[in-house]
Amino acid sequence: MRRRRTDLPSPDLLDIALAVGSFGLFTLPVLIRGSGHSPAATVVVFGAAVAVPLVVRRAAPVPVLITVSSVLVVAALTDVGFTVFHSNAGPALAIAVLTVADRLPRAVSLRVGVAAVGLVTAAELIAMQLHPATGQNAIQLVLAIPAWLVGYAFGSRRQAERRLRMEEEERAREAERRVRAEERVRVSADVHDIVSHTLSMIAVRSGVARMVLEQRPGEALVALAAIETASRSALDELRAVLQSLRDAPEDLVRTGGPLAAGPTVDRRTLAHIRSLVDDLREDGHPITLSLTTDAGAPPAVEESAYRVVQEALTNVVRHAGRATTSVEVERGPEGLDVTVVNDVPVAGTFKAGRGSGNGLAGMRDRVSLYDGAVEAGPRRNGGYAVRVHFPLPPATRPEPGDRTGRRRRG
């Protein structure tokens, strides 16, 4: 059976010890020595009446203060002495006032505390006139004022700690929302790049197959086989991306972002750029490749760099046809740089018309996850250039003296 939650704290050993100590140290000696001027039964009742409520002081601070104050008022006016000191001085009222100041808002604790202590002080002043031989005084006021200040200090500190915890929890929730949003951006960009690149390749190869089907059926079969391979590869990539979306969120939230994420799927790396370029070369696209062989970037950055190249080459195929293109992936001292530049589009080659711009927008969103920068636009002498920079953390930067890494041209 589920326990019912409550905001009221249960009595603990400290509260019990305070109650027992108050009675044992200040009332019990009166009974043992018989030094009181009131009957023993009355001493026990009054002593217990101010001590026992302290057990539940944190659960009900105001009722406890009212009870303790009422007992002290009655004791003062009836001239009952139940402690070893004049005016029944003891810790009960101070503890009750401290608890009110600790547990309640300042304005409320001030009103309640002033009312209770003022009533007790007034009763003591009246008792000094009614029972001058007892030697009563207004010591309760002197004890209550520092008790309220100490309680207010404790309460302020606890409220500050509670606000700090709430702020930390809110920051944690915001970080979780940010990480999940970044993961959605990454997945949507992956899906766009995979589908866009594959459909562009299918469009090109199906066009080739249609043109050579009757005269050169062998080439048509090769083009159809390439379409089948590209389709299967795209399906595998989509499954991997969707699997990462199912597996990664908790790991991403725990590690704090995509750079630390590593879902157990076959992710694209810089090495896959070579096969991407080789496939396009087989279709007749003149592409040169300069690829750093020891980039050493985090897996998520390598995958994003691959997607950047994939999207840039897809745009080349769609909008520039078989224009001469260069791809350069290089690690420098500040991070990983990706550059894709194509010459003026070749007349008469395949073009898909003006694009929607979603690819470049997705590229910028993807790179922004790693605080990177994207420059994309037409060149002065014609053609188009895409330049992307991924800053790398110190652990993945090259050693001093190795400023570019080894480059391999293809």
Side-chain angles (χ1 to χ4, degrees), residues 182 185-186 189-190 192-194 196-197 257-262 267-281 285-317 319-320 323-343 357 359-410:
E182 290 176 352
V185 169
R186 184 190 70 81
D190 284 351
H192 172 273
D193 293 347
I194 294 169
S196 176
H197 176 76
L259 275 175
R267 308 185 71 161
R268 289 296 185 253
T269 65
L270 297 180
H272 289 91
I273 295 177
R274 190 166 301 282
S275 60
L276 177 66
V277 171
D278 289 341
D279 290 342
L280 291 174
R281 284 171 175 168
H285 294 274
I287 302 175
T288 60
L289 173 64
S290 176
L291 178 63
T292 301
T293 59
D294 58 348
V301 174
E302 290 202 16
E303 182 177 32
S304 293
Y306 171 87
R307 297 300 181 193
V308 166
V309 175
Q310 184 183 53
E311 173 64 21
L313 291 179
T314 299
N315 289 337
V316 171
V317 173
H319 306 302
T324 301
T325 305
S326 65
V327 177
E328 183 172 347
V329 182
E330 181 179 20
R331 190 191 70 178
E334 299 300 326
L336 187 69
D337 295 300
V338 178
T339 304
V340 180
V341 179
N342 64 271
D343 291 341
L360 287 176
M363 184 186 299
R364 290 189 173 91
D365 290 339
R366 178 194 297 280
V367 175
S368 68
L369 296 181
Y370 310 97
D371 298 325
V374 178
E375 295 181 7
R379 302 166 65 198
R380 288 185 179 180
N381 57 347
Y384 203 85
V386 175
R387 295 181 176 86
V388 174
H389 173 73
F390 292 95
L392 296 182
T396 59
R397 290 179 181 172
E399 297 296 330
D402 178 16
R403 300 189 58 83
T404 60
R406 296 189 306 275
R407 298 172 62 186
R408 181 179 175 186
R409 292 189 173 273

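In plain terms, the two heavy atoms of G372 and P391 that are nearest each other are CA-CD, 3.6 Å. The heavy-atom pair separating R281 from T288 by the smallest distance is NH2-CA, 3.8 Å. Annotation for Y370 and A300: closest pair OH-CB, 3.5 Å, computed over non-hydrogen atoms. The two residues Y384 and A376 make their nearest non-hydrogen contact at OH-C, 3.8 Å. Nearest heavy atoms, T325 versus A323: OG1-O, 3.0 Å.
In this structure, N315 CG and Q310 CD are separated by 11.0 Å, a value rounded to the nearest 0.5 Å. Annotation: the span from E311 atom CD to L360 atom CG amounts to 6.5 Å, rounded to 0.5 Å. To the nearest 0.5 Å, atoms CG (D279) and CD1 (I287) are separated by 10.0 Å. Taken to the nearest 0.5 Å, the CD atom of E334 stands 9.5 Å off from the CG atom of L392. To the nearest 0.5 Å, the span separating CD1 on I273 from CZ on R307 amounts to 11.0 Å.
Proximity of a side-chain donor or acceptor of S326 to a complementary backbone N or O of T324 within less than 3.5 Å is not detected. Without hydrogens or angle criteria, E302 side chain to L270 main chain gives a donor-acceptor distance under 3.5 Å.
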Check against side-chain contact (heavy atoms from CB on, under 4.5 Å), R268 and L276:
CA-CA 11 Å; R268 289 296 185 253; L276 177 66; over 6 Å; no

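Taking the side-chain hydrogen bond (donor to acceptor under 3.5 Å, both in side chains) definition, one finds that D371 meets it with nothing, sequence neighbours left out. Qualifying side-chain hydrogen bond (donor to acceptor under 3.5 Å, both in side chains) partners for T269, counting only residues two or more places apart in sequence or in other chains: H272. R379 meets the side chain to side chain contact (heavy atoms under 4.5 Å, CB included) test with V341, D343, N381, A385; sequence neighbours excluded.
Side-chain contact between R274 and L291 is present, with heavy atoms from C-beta onward closer than 4.5 Å.
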